[in-house]
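What you see below is based on every heavy atom in this structure, not just the backbone, and it leaves out hydrogens, waters and symmetry mates. Chain naming here is simple, since letters A, B, ... match the order of the sequence lines and numbering starts at 1 in each.
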Amino acid sequence: MNQEAITVKNLSYKYPDGTKALEDVNMEVYEGERIVLVGPNGAGKTTFMLHLNGTLRGSEGQIEIFGKNLEKMKREEIVKEVGMVFQDPDDQLFMPTIFDDIAFGPINLGLKEDEVRERVEKTILSLGLSGYEDKSPHHLSFGEKKKASLAAVMAMEPRILVLDEPTANLDPRSRAELIGIINELNEREGITMVIVTHDVNAIPELADRIYALNRTMIGTGTPRDIFFNGALLKQNKLDVPDVFKLFEVLRAFGLNCEKLPLSLDEAVSGLAKIIETEGGHIHLHIHEHTHDEIGEWRSKYEHH
Amino acid sequence: MVHISDGILSLPVLAAGWAITFALLAVAIWWSNKKGNLEEEIPKLSVMTAAFFVASLVHIPVGPTSAHFILNGLVGVILGIFAFPAIFIGVVLQTVLFQHGGITTIGVNTANIGIPALIAYCIFKWGNKVGMTVMRKELSVWIFGALAGGVAVFLAVIFTAFSLVLSNEEAFFAIAIAFTVAHIPIIIIEAIITGSIAVFLLKVKPEIIGG
Amino acid sequence: MVNYPEIDKYSSLDSPMHRFDPRAKIVAFIILIFAVVLVPNLKLAFIALIGAILFLIASKLPLRFALQHIKWVFLFVVPFIIIMPFTVSGTEIFNFHGLTMTYEGLEYGILVAVRALSAVILVLPMIATTRFDVTIKALGELKMPNMLVQMFMFTYRYIFVFVVEFQRTWRAMAARGFQLKTNLYALKTIGRALGMLFVRSYERGDRVYQALRARGYTAKPKTLVEFKMRASDYVWTVVIIGFAVSLLIVSFA
């Protein structure tokens, strides 16, 4: 097992007005892991995220980054280890040009001018932002802004990357591109990822492991563990990928499917296998329980 | 139109404007350094300054012409002493981005608009301290918000008129009077709008107006 | 409705003014503008105006763009030209029912207008030939206090964000039949729209601060700048400041 990248122990946090936002939250993330954090609106996801780089400080509990107590780390040390990509790129791109914005972090790390330039250039190349250096964020599309804000954080070369809703409001192509970039950074550079998202269809592609948060951690496991836990999903207003739902329906129509797929890739290989074992075709039909099973399925997801 | 253009004011008036503006900027910067929270103050202040700037770009029809908001009273109410650097930034940007006002008159214009903002802050703060004890909170905020907004524009107009008269009394006196009279409807509009915004903020996000 | 600032729309053209080092450009033109607004007579004012126009021509900025930016100054100076001939005493040109128009008044009115016009023309070669963020950096290099430089940087950036935001609110209001008039109802509605703008920007300020902190922001001024004075920069600086000093010498000697 890899080294622990993030350890959260018994973290609690109250808003200034006294409402409890987080209560006794625990989490362990290993180096190189991709963690997706899910939870309904108001579950404290963003609040929790802001603890991971010390922006917010819990009233109780402790956070360790690569074994070091966050409370005892210097600001520069924290921002070097933990990069944070915020949901709205307009909150993050605060400089008038993309170049200045990407250079901002490395300069704050105290790098020399030529090192800063080198980093900016490297980051711009690796994220496909060449030609945008002198542009103002105002002239970029939302997807480009999103990439630029990721670049601005990546230029600091953090070992941990925390992303808040990276795929929200993106068009399908930009969304796929961004998911690709995140996974590539994880594979190529070994960056540990903590991703907060509502985009359930992206989870199978992005998550090694899921943490479900609703003021406290209510569950953890592989995507498969979480998506099969119907009670947990329903209680916390969580959803499962569309492909998964579709195959549940197909099963009610008699598809002989042992392992429900979570992603399209899994669906393709799963279907191929079924067709092979069934002799070249699949067979669907309405049987005596179909109606009841569909009814159950509907109530499971509260689709009225 | 309280931004005086280049080429009108006399050298002593221009110089006095710059002197006052530099002095008050120095005080504001010294104050924020003393508070020692620049890394929080600068971004928050800048974002609010941008919002005020955009609000001041909104044109409303007044009689046959149109006027844009000044909102210096509201800037004072919300930003307190930092209203002055915020207004300085606003005046410079109005001048260089849109050519409203002049380069040599940045000092005078900042002082003319910024000092009333600081006075508006005092009116709103002290007014509500007393006001809230004798009437409904909302009513008090409306009254002193409107008062702050109206007085701030009124003073900006008076200061601007004075800048003209001090530059050349004989030549500019009539213009200064006409300028002041022409701004009476704007003073009333700004009073109403500042009062409404103050009450809106009280309901939606009271901490913005220190409530 | 509100519009974007587009002062640096043509900053990517190429001209002697575009190539001029931004720091020297700002200093030289500010000195010239101060000299121009202080000239005491019409003859010198017209010389200043011709000079200003030559610098504008040297900047190769499109005429239409230039006129758009210059026109605002007329709003301010027209009352001076109309009123001053009647308020300054001196040689009578004509008398209409006790209202006297004087030669001195007319001359002074035109003087004010020509000085204002020359100054505003000079702002264009100074500002419109450089990307505005570079101008801000140049101000930093010229030792403007750090806090103000950063405020210029961030404020300029967020103006664009809020223009978009406010336009959205405005369209939503228009879509529900709102018309901009000057009555109590309309003012209240605008008040709410602006109030919402301030609430959202206040909250955005919090998030921007968090995002800045997350990248190690410490309120110190740090951007990479590449300014370098070349021979031609010195030449232009000397030409512009020389023109300014000549105007001042002729004016006050």
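- In plain terms, the two heavy atoms of Tyr156(C) and Pro96(A) that are nearest each other are CD2-CB, 4.4 Å.
- Both the backbone and the side chain of Asp101(A) come within contact range of chain C, with heavy atoms under 4.5 Å apart.
- A donor and an acceptor atom, one from each side chain of Ser174(A) and Glu177(A), are nowhere located under 3.5 Å apart.
- Applying a 4.5 Å heavy-atom cutoff, the residues of residues 49-61 of chain A that approach chain C are Leu50(A), Asn53(A), Gly54(A), Thr55(A).
- Although no hydrogens or angles enter the test, the distance criterion places a donor-acceptor pair under 3.5 Å between the side chain of Asp233(C) and the main chain of Arg230(C).
- With a threshold of 4.5 angstrom between heavy atoms, Ile136(C) does not approach chain A through any atom at all.
- With a 4.5 Å cut-off on non-hydrogen atoms, Met156(A) touches chain C through its side chain but not through its backbone.
- Salt-bridge check for Glu77(A) with Lys68(A): passed, with a basic side-chain N closer than 4.0 Å to an acidic carboxylate O.
- The contact between Phe86(A) and chain C is made entirely by side chain atoms (from C-beta outward), counting heavy-atom distances below 4.5 Å.
- Using a 4.0 Å cut-off between charged side-chain N and carboxylate O, Arg119(A) and Asp114(A) make no salt bridge.
- One side chain, Thr47(A) or Tyr15(A), offers a donor N or O that lies under 3.5 Å from an acceptor on the other.
- Looking at Glu31(A), its side chain never comes within 3.5 Å of a backbone N or O of Thr192(A) through a donor-acceptor pair.
- Between chain A and the residues Phe132(C), Tyr217(C), Tyr209(C), the largest count of heavy-atom pairs under 4.5 Å involves Tyr217(C).
- Both the backbone and the side chain of Gln92(A) come within contact range of chain C, each with at least one heavy atom under 4.5 Å from a heavy atom of that chain.
- Contact annotation for Val161(C): only side-chain heavy atoms (C-beta onward) come within less than 4.5 Å of a heavy atom of chain A.
- A 4.5 Å side-chain heavy-atom check between Leu206(A) and Ile179(A) finds at least one atom pair inside the cut-off.
- With sequence neighbours excluded, the residues that form a side-chain contact (heavy atoms from CB on, under 4.5 Å) with Glu165(A) are Gln87(A), Ala168(A), Thr197(A), His198(A).
- Taking Val153(A), Val79(A), Val116(A), Asp91(A) one by one and counting their heavy-atom pairs under 4.5 Å with chain C, the maximum is reached by Asp91(A).
- Judged by distance alone, with hydrogens and angles left aside, the side-chain atoms of Glu33(A) form a donor-acceptor pair with the main-chain N or O of Tyr30(A) at under 3.5 Å.
- The ring of Phe166(C) has its center closer than 6.0 angstrom to the ring center of Trp170(C).
- Remark: Arg204(C) engages Asp88(A) in a salt bridge, criterion side-chain N to carboxylate O under 4.0 Å.
- By a heavy-atom distance cut of under 4.5 Å, Asp134(A), Pro137(A), His138(A) are the residues of residues 129-149 of chain A near chain C, going up by number.
- With respect to chain C, the highest number of heavy-atom pairs below 4.5 Å among Pro106(A), Ala152(A), Gly105(A) belongs to Ala152(A).
- Using a cutoff of 4.0 Å between basic side-chain nitrogens and carboxylate oxygens, Arg175(A) and Asp199(A) are scored as salt-bridged.
- Considering only heavy atoms from C-beta on, Met196(C) comes within 4.5 Å of Arg200(C) through its side chain.
- Of the N and O atoms on the side chains of Lys25(C) and Thr129(C), at least one donor lies less than 3.5 Å from an acceptor on the other residue.
- For the 3.5 Å distance criterion, the side chains of Gln62(A) and Glu64(A) qualify, holding a donor opposite an acceptor.
- Side-chain contact check for Gln210(C) and Asp206(C): no donor-acceptor pair (N or O, by modelled atom type) lies under 3.5 Å.
- Below 4.5 Å, heavy atoms of chain A meet no heavy atom from residues 55-64 of chain C.
- In this structure, chain A has heavy atoms under 4.5 Å from both the backbone and the side chain of Arg215(C).
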